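A short worksheet on the structure shown next.
Worth saying up front: this structure is predicted, and the values here are computed from it rather than measured. First the proteins, then the strands, lettered A, B, ... as listed; each starts at 1. Side chains are part of it too, since the values below use all heavy atoms of this structure and drop only hydrogens, waters and symmetry mates.
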Amino acid sequence: MRADAPKRAADYAPLAFPALMLTVFFVVPFGIMVMVSFFQRQPGGFYTPDFVFSSYERFLSAFFGGVLGFSLGLAALVAVICVAVGFPFAYELARTRRRVQVAWLVALLAVLSLSEVIIGFAWSTLLSRTAGISNLLVWLGLMEKPTALTPNFGAVLTGMVYQAFPYTVLVLYPAMARLDPTLMEASRTLGAHPLRAFLTVVVPALRNTILATFIMVFVFALGSYLLPQLLGRPQHWTLSVLITDQAVYQSNLPFAAAMAVFLVLVTLSLVGLALLVGRKESAA
Amino acid sequence: MTEMTKSGITRRSVLAGAAAGAALLAMPSILRAADRSLKVGVYGGYFQESFDEHIFPDFTSATGIEVESISEPTGEAWLVQLSQAARAGQAPADVSMMSQVAILKGQAIDLWAPLDPAKIPNLGNLLPQFVNRYPDGRIAGVGAVAWYITLVTNTDVYPEAPDSWAALWDPANRDRLGLLALVSNSFLLEVTAKTFFGGPAKLDTEEGILEVMDKLAEVKPNVRLWYRDEAQFEQALKSGEIPMGQYYHDVTGLAAADGNPVRSTFPKEGGILDSGSWAVSAASKKTAEAHEFINYMSQPQIQAKLSRNVGTAPTVARSLTDLTDQEFAAVSSEIEPIIPRYDLYQTKSDWLNQKWTELIVAG
């Protein structure tokens with residue numbers, strides 16, 4: 001590893017390729033999307049190049065505001081649960097024997113190899129009345145008769161947490177593995193209960209990691225559009241579902257683009273806000 | 001040994017190639033077919049396979065026109081591609097199977113080459129609703145295939161078949177229905193108008209549509225699943241998880257034939273009859289061949305063949321076909337169908353979509 005900062009133009013060369021890729025595959029498509037969002041929609045047709053705000057005007061309504069609010073709230077809830085469960089899990093994982101760690105990490109990576117469609121169908125089967133886990137509970141005598149646990153909000157949340165959990169652990173794990181074990185030992189020597197030591201020493205020490213993980217899971221969950229459809233009722237459809245409807249089924253690309261641009265801007269500003277708060281706190 | 005095998009293969013393939021070349025030169029029909037060819041766009045997958053296997057080869061031997069089938073996406077993505085290509089004077093397909101709303105949208109930009117009825121003698125066989133016309137009367141498209149969406153039930157849960165769409169509103173069916181999620185593919189406005197308001201005329205005004213939507217809102221407590229993906233509902237219907245809903249008649253029939261406890265019922269108000277039409281891109285230079293193709297496809301015996309091999313309903317009167325009662329029942333019904341108000345999905349598409357989304361998403 002090199003410690004000194006890059007001096008000549010050639011030192012920046014390794015950055016050129018990712019920068020190019022980011023421009024070609026992100027900046028340019030996003031620019032086109034912003035452009036399309038101002039185009040004039042032709043009802044019953046497609047769109048003509050123009051500069052109008054009608055798509056944004058349509059979006060600024062109580063109805064879409066409600067959908068946006070629900071999407072943000074759902075993504076935040078998924079992120080909170082994932083971090084709350086994933087953080088102590090990753091902490092313990094980093095401290096177990098090597099073989100156990102490997103087994104867990106392989107299992108988590110295996111979950112990542114499943115597509116969203118498979119996860120959705122698997123959970124809808126698991127939560128169904130005819131073939132789901134409620135039958136197991138009936139067999140155990142814990143329930144009267146099998147009931148359907150989907151579609152509802154709990155099912156959507158379960159599916160999305162299941163999907164995001166491996167990412168959470170894989171982001172937290174390296175920081176946990178690097179955490180200096182003497183910190184805990186010191187606090188224990190000073191007489192702290194293990195839980196108290198965990199909450200007052202480990203959690204604050206990794207505050208920025210927690211924040212970064214939260215943001216990553218939040219952004220990841222915000223893009224989910226299949227699980228809310230497969231496991232939820234229409235009230236649980238996220239803005240991403242409605243964007244898909246407009247783009248794919250209504251061929252209303254200006255409106256779909258306007259919604260997507262709005263979603264990206266709201267996400268970026270929330271992420272920026274979180275980073276700002278995180279920086280102030282660590283400075284203080 | 002390796003050397004020998006290698007050279008053997010080479011010699012054989014050279015001989016085979018020479019034989020094929022000689023045969024090609026000796027067969028004038030193939031040379032003529034190469035002169036006359038047609039690119040036909042059909043929905044990819046099962047549809048395209050069925051057409052490639054059962055329909056196109058016979059057409060080629062009957063007319064000498066070689067067909068190249070192009071796999072096109074369902075929905076309106078293909079319309080976008082066709083219209084952009086036409087602007088550049090290109091035709092990715094000469095003839096395409098298009099949904100009714102796509103035909104209307106294409107008409108709005110004069111995308112379809114007008115068809116000459118004199119060159120399609122078999123046009124007279126078609127039921128009137130299967131001829132698409134420009135507002136000035138020119139023919140824009142000709143019915144290719146039709147299919148029904150009906151009321152389907154799980155036979156274990158419902159020993160008796162329901163006989164009316166009104167069953168969807170029955171409070172006894174709370175949380176038991178699976179319905180299509182989009183205004184433009186479920187056609188539930190038409191169903192509601194026919195069942196409770198005397199017919200599709202109720203949808204002529206926006207006030208009428210809103211009244212129909214209010215009535216439709218009453219089914220919401222009964223709906224367990226608003227589906228976009230067919231597989232999602234089919235699975236739940238078979239298992240009895242969601243024992244009633246709207247679904248495709250032909251697919252339900254196939255599932256029942258496989259031993260699943262499902263049935264498709266034509267309610268007394270009629271099944272929903274949706275269809276695809278053949279339309280010719282204005283950029284196509286194969287107008288003569290396209291007319292021959294559409295004329296060929298409009299024959300009663302070809303429509304019957306489609307019913308038997310692809311599972312679509314005939315676009316010609318049943319009396320013209322030789323379908324048996326059983327074959328006909330597998331794809332269609334004599335009950336007068338509910339025909340979707342495609343015009344609404346063109347002229348009021350955004351308004352309808354907005355109201356519909358608010359209707360099903362809210363509360």
Tell me, out of V101(B), D175(B), I109(B), who's got the most heavy-atom pairs with chain A below 4.5 Å.
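Most pairs with chain A among the choices: D175(B).
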Residues Q229(A), W226(B); criterion side chain to side chain contact (heavy atoms under 4.5 Å, CB included); working and verdict
CA-CA 8 Å; Q229(A) 283 178 61; W226(B) 293 95; over 6 Å; no
If I measure from the heavy atoms of chain A, does S184(B) come under 4.5 Å with its side chain, its backbone, both, or neither?
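For S184(B), side-chain heavy atoms alone lie under 4.5 Å from chain A.
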Can you tell me which portion of Q354(B) sits under 4.5 Å from chain A's heavy atoms? Options are side chain, backbone, both or neither.
both
Using every non-hydrogen atom in the two residues, find where N353(B) and R58(A) come nearest and quote the distance to one decimal.
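Minimum heavy-atom contact is OD1-NH2, 3.5 Å.
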Inter-residue atom distance [X].[atom1] - [Y].[atom2], 0.5 Å rounding:
| X | Y | atom1 | atom2 | result |
| --- | --- | --- | --- | --- |
| N185(B) | Y249(A) | CG | OH | 7.5 Å |
| T357(B) | D245(A) | OG1 | CG | 6.5 Å |
| L352(B) | Q250(A) | CG | CD | 9.0 Å |
| F64(A) | E358(B) | CZ | CD | 7.5 Å |

Would the number of heavy atoms belonging to other residues, nucleotides or ligands and lying under 6.0 Å from CZ of F38(A) be above 12?
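For F38(A), atom CZ is crowded (more than 12 foreign heavy atoms under 6.0 Å).
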Would you say that more than 12 heavy atoms from the other residues, nucleotides or ligands in this model lie under 6.0 Å from the CH2 of W169(B), or not?
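Atom CH2 in W169(B) is packed in, count exceeds 12.
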Any side-chain heavy atom of [X] sitting closer than 4.5 Å to one from [Y]?
| X | Y | result |
| --- | --- | --- |
| R233(A) | R224(B) | yes |
| F121(A) | Q232(B) | yes |
| I360(B) | W237(A) | yes |

Whether R41(A) engages the ring of W351(B) as a cation-pi pair (distance to the six-membered ring centre under 6.0 angstrom, angle to the ring normal within 45°) should be assessed.
no
Tell me, for L242(A) versus chain B, whether the close heavy atoms (under 4.5 Å) come from the side chain, the backbone, both or neither.
side chain
Which residues in residues 123-155 of chain A have a heavy atom less than 4.5 Å from any heavy atom of chain B?
S128(A), R129(A), T130(A), A148(A), T150(A), P151(A)
